[in-house]
Participant: 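Here it is, the structure, as structure tokens.
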Amino acid sequence: MQAALDQIGFLNLTMYPRKGSWGALTSGGQLVWVRDPGLVARLANFYESTHTRLEAAGRDYDFNVNEVARVTASRAWDWQQMRPRMNGESEVAELFGQLRYLRLSWNQYYIDLLDDYGAEMEALLGDLEAYLSLGDT
């Protein structure tokens with residue numbers, strides 16, 4: 001149980017991809033070099049919508065995992081004795097229920113979101129590379 005709680009609390013993996021290049025591209029006016037309106041719209045949607053949704057989901061997921069680890073796990077688990085608290089069966093059941101919810105709902109949602117993000121980014125980069133290789137910049 002202690003090892004599982006340690007993994008949840010300390011090895012929880014979320015991803016916060018950078019978007020500094022997008023900021024530089026837009027603030028420097030370099031986006032006007034891409035004369036394909038559809039490609040510009042896809043770039044904007046990727047960074048302003050898809051990326052923003054991934055960041056928000058990561059923050060929410062981290063918050064929920066940390067809240068469960070801090071609040072529910074602390075009521076159910078004696079960190080000093082490394083065992084369930086005495087008479088804490090209902091708290092342990094609540095902890096398992098919340099962890100199950102996080103694993104089945106949030107974790108799978110977040111993994112799917114990361115997969116979609118990666119696939120969209122690869123397609124967008126491929127189309128951008130193809131556009132730039134035409135020399136129409």
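Because the structure is predicted, anything quoted here is derived from the model rather than measured. Any value given below was found using the heavy atoms of this structure, including those in side chains, with hydrogens, waters and symmetry copies removed.
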Participant: Using 4.0 Å as the upper bound for N to carboxylate O, is an ion pair formed by Glu94 and Arg75?
Facilitator: yes

Participant: Tell me if the aromatic rings of Tyr109 and Tyr61 count as close, with their centers under 6.0 Å from one another.
Facilitator: no

Participant: Measuring from Leu43:CG to Leu39:CG, what's the distance to the nearest 0.5 Å?
Facilitator: 5.0 Å

Participant: State, with a plain yes or no, whether a side-chain heavy atom of Leu102 is found less than 4.5 Å away from one of Asn107.
Facilitator: no

Participant: Are His51 and Tyr117 close enough that some pair of their side-chain heavy atoms sits under 4.5 Å apart?
Facilitator: yes

Participant: Any side-chain heavy atom of Asn64 sitting closer than 4.5 Å to one from Tyr101?
Facilitator: no

Participant: Do Asn45 and Glu120 have side chains that get closer than 4.5 Å, going by heavy atoms?
Facilitator: yes

Participant: With clusters defined by side-chain heavy atoms of hydrophobic residues (ILVMFWY) lying less than 4.5 Å apart, directly or transitively, does Val92 cluster with Val71?
Facilitator: no

Participant: With heavy-atom distances below 4.5 Å as the criterion, would you say the side chains of Glu91 and Thr72 are in contact?
Facilitator: no

Participant: Taking Phe46's backbone N and O only, do any of them form a donor-acceptor pair with Ser49's side chain (distance below 3.5 Å, no angle check)?
Facilitator: no

Participant: Backbone N or O of Asp62 within a donor-acceptor pair of the Asn66 side chain at under 3.5 Å?
Facilitator: yes

Participant: I'd like to check Val40 versus Asp36 (side-chain heavy atoms, cut-off strictly below 4.5 Å). Are they in contact?
Facilitator: no

Participant: Kindly say whether Arg35 contributes a backbone atom to a donor-acceptor pair with the side chain of Tyr131 at under 3.5 angstrom?
Facilitator: yes

Participant: With rounding to the nearest 0.5 angstrom, report the CG to CE distance, Leu54 to Met121.
Facilitator: 10.0 Å

Participant: Does the side chain of Leu124 come within less than 4.5 Å of Leu128's, by heavy atoms?
Facilitator: no

